[in-house]
There are 2 protein chains.
Amino acid sequence: MDVHSRDLRYFVAVAEERHVTRAAARLHVSQPALSKQLRALERQVGAELLHRLPHGVELTAAGEALLPHARAVLARTDDAARDVAAAARRLVVGVSTGVGRGLLPAVRSRLAVAEAPVEPQVRAVAWDDASAGLADGGSDVAVAWAPVPGRVRTLELAREPIGVALPPGHPLAGRDAVPFAALLDEPFLALPPEAGPLRASWLAEAHRRGRPARVGGEVRSMEETHEALLDGRGVVLLAIGNAPALARDGVTVVRVDDLPPCVLVLAWRADDRRPAVRAYVEACREVLAARA
Amino acid sequence: MDVHSRDLRYFVAVAEERHVTRAAARLHVSQPALSKQLRALERQVGAELLHRLPHGVELTAAGEALLPHARAVLARTDDAARDVAAAARRLVVGVSTGVGRGLLPAVRSRLAVAEAPVEPQVRAVAWDDASAGLADGGSDVAVAWAPVPGRVRTLELAREPIGVALPPGHPLAGRDAVPFAALLDEPFLALPPEAGPLRASWLAEAHRRGRPARVGGEVRSMEETHEALLDGRGVVLLAIGNAPALARDGVTVVRVDDLPPCVLVLAWRADDRRPAVRAYVEACREVLAARA
DNA sequence: CAGGTGCGATCACCTTCGGCTATGGACGTC
DNA sequence: GACGTCCATAGCCGAAGGTGATCGCACCTG
């Protein structure tokens, strides 16, 4: 049986009022419209639901049988609407380890007071996914390093110089800054080949300078990187903002002064027009403006 | 929120198939129609429910949230349909005490094997309601004495001579038959004034013969009548078929041979076109034909 | 008992919905 | 690079669902 929940609402209202005209007023429809829909409902369920009396209506046995079911269906429908709305407000924010730069809490608190509150849910993504989960749908918005692959739109969050993390006791340690050329003989810790462009960018830069870079090891998290550095398996390039996460146990970070800065962006799918996404982007933009 | 249950069925089918075209085939609708309804559903709930992928679709978080609710609503809707159908099949048969004349069980068994089985539910009605519950909606069909008041249609079940029940030791007791004139001096046990035409008919008959009848007492059940007879409060006219219920403890019943026979009918409301009612009437007609 | 009143049903009409066929565009496959 | 698959869109049509006006009926009321 197929029923429009509206017809059930109509029926319940009439059952409660025991009066078609009054129910019609309560439902903000005309009395003929309500009468017709009631007839249609009776036709659909294949039974008379109401006794029409001179001054009002009353339920038939079939009507009494329907009433509790109708109420239950309506209640469950409301539950569904609420849950779906809540799910739609939940927004997964993909971030690589620790690259939020302190923005995320500010954005969250700004979103909480909106008229349709969005609940951001931060989710760490593996380093080898340059889209931070946008591509596979794991995230709805992402904080990632430009360029973000795929059909995405972006908002620039920060622009940071590149640094290089050096193992304990490395000869360049302690320098204020080094040129990229000084690193060309070093083995590099790189992302695994699956990472694609993210891995490729500085390898290409090295290649451009006439010396194909040597990969001393592959890493996919801050901890692995730290371990590899302590092992002396190579050096690693990183945004200077990430330096504090590595600069301990003798590891030092030195600025590389002749590489273009890397750009941290908020990214979202270009075809994603959901209000929650727009709201998140907008809140982010406002937080940035307030800080400038 | 208002949703057509059909749209929920569509959504569940698509969620199960993870494929719009396949779901459309299963639902026997065209693929564009299904696509359009899915869009409409998404618009109504205010959230995207499906990720459209190159080879199929998958549920969004909102879709996952909706799915169990949708299934529950559909299940409850089916329950409602079943219960309403059952209620519509149940039919209340109003009868005065013991006037079924053995027809009702035969009618019941004939109805049980029909394609849409009707469940008759016999309900005794007070004697003072000549319509046997038809008028106040307490019954759907009734076995009653003609004429039945109200806008009803009838089917004649039996035609029985009138008899008179006499107190123990009454001078007329033991006669084979008596004329109505022989009773004109007796006090009569009558139905209460509320009974209307049922009470009025033989009072009028007496009046027609020039002697207003004297009412010796009012009765409204077989037991009260029996008690009143034993008390000697009067005599009572009745259909001869009801004689066995009173003829004990010295009470006797004698045929009155010059009154028109009374007619037992099956009655139902003239405007009642419900299938269950028609089926009951038809079954009754068939049982009568089989007995003739 | 005539006439007003309240109620649900019906009528004529208009807009929106839900279905169809045909076509388009994105993506994978051979 | 032609083809196949799949979902979306366009244009059309009948049915559904709404409206105000009106009808028919039972019930008060004077």
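When reading the values below, keep in mind they use all heavy atoms of this one structure, side chains included, and skip hydrogens, waters and symmetry mates. Labels below follow one simple rule: chain letters A, B, ... track the order of the sequence lines, proteins then strands, and each chain is numbered from 1.
Between B/His4 and B/Gln44 the shortest side-chain heavy-atom distance does not fall below 4.5 Å. Side-chain contact between B/Leu266 and B/Arg285: absent, with no pair of heavy atoms (C-beta onward) separated by less than 4.5 Å.
Computed from coordinates, the B/Leu50 CG to D/dC7 P distance equals 10 Å when rounded to whole Å. Distance, A/Lys36 NZ to C/dC13 C1': 10 Å, rounded to whole Å. Here D/dG17 presents its C1' atom at 8 Å from OH of A/Tyr10, a figure rounded to the nearest Å. Note: CZ (A/Arg52) to P (C/dA9) measures 5 Å, nearest angstrom. Atom CG in B/Leu8 sits roughly 16 Å away from atom C1' in C/dG18 (whole-Å rounding). Rounded to an integer number of Å, the gap from A/Gln37 CD to D/dG17 P is 5 Å. If you take CZ of A/Arg43 and P of D/dA15, they are 12 Å apart, rounded to a whole angstrom. The interatomic distance linking A/Leu34 (CG) with D/dA16 (P) rounds to 18 Å, in whole Å.
For the pair B/Asp79 and B/Arg76, the salt-bridge criterion is not met [side-chain N within less than 4.0 Å of a carboxylate O]. Between B/Arg269 and A/Glu48, none of the side-chain N atoms (NZ, or NE/NH1/NH2) sits under 4.0 Å from a carboxylate O, so this pair counts as no salt bridge. A/Arg90 has no carboxylate O lying under 4.0 Å from a charged side-chain N of B/Glu64, or vice versa, which leaves the two without a salt bridge.
The side chain of A/Thr21 contributes no N or O atom lying less than 4.0 Å from OP1 or OP2 of C/dC7. In terms of phosphate contacts, A/Ser35 brings no side-chain nitrogen or oxygen within less than 4.0 Å of OP1 or OP2 of C/dG8. Between B/Arg6 and C/dG19 there is a side-chain N or O to OP1 or OP2 distance below 4.0 Å.
Comparing A/Ser30 and A/His55 along DNA chain D, the residue whose closest nucleotide (by nearest heavy atom) sits nearer the 5' end is A/Ser30. Projected onto DNA chain D by closest heavy-atom contact, B/His19 and A/His4 fall at different nucleotides, the more 5' of which corresponds to B/His19.
Nearest nucleotide to the side chain of B/Val20, out of D/dA26, D/dC7, C/dA9: D/dC7.
If you check every strand for non-hydrogen atoms under 4.0 Å, B/Arg18 touches nothing.
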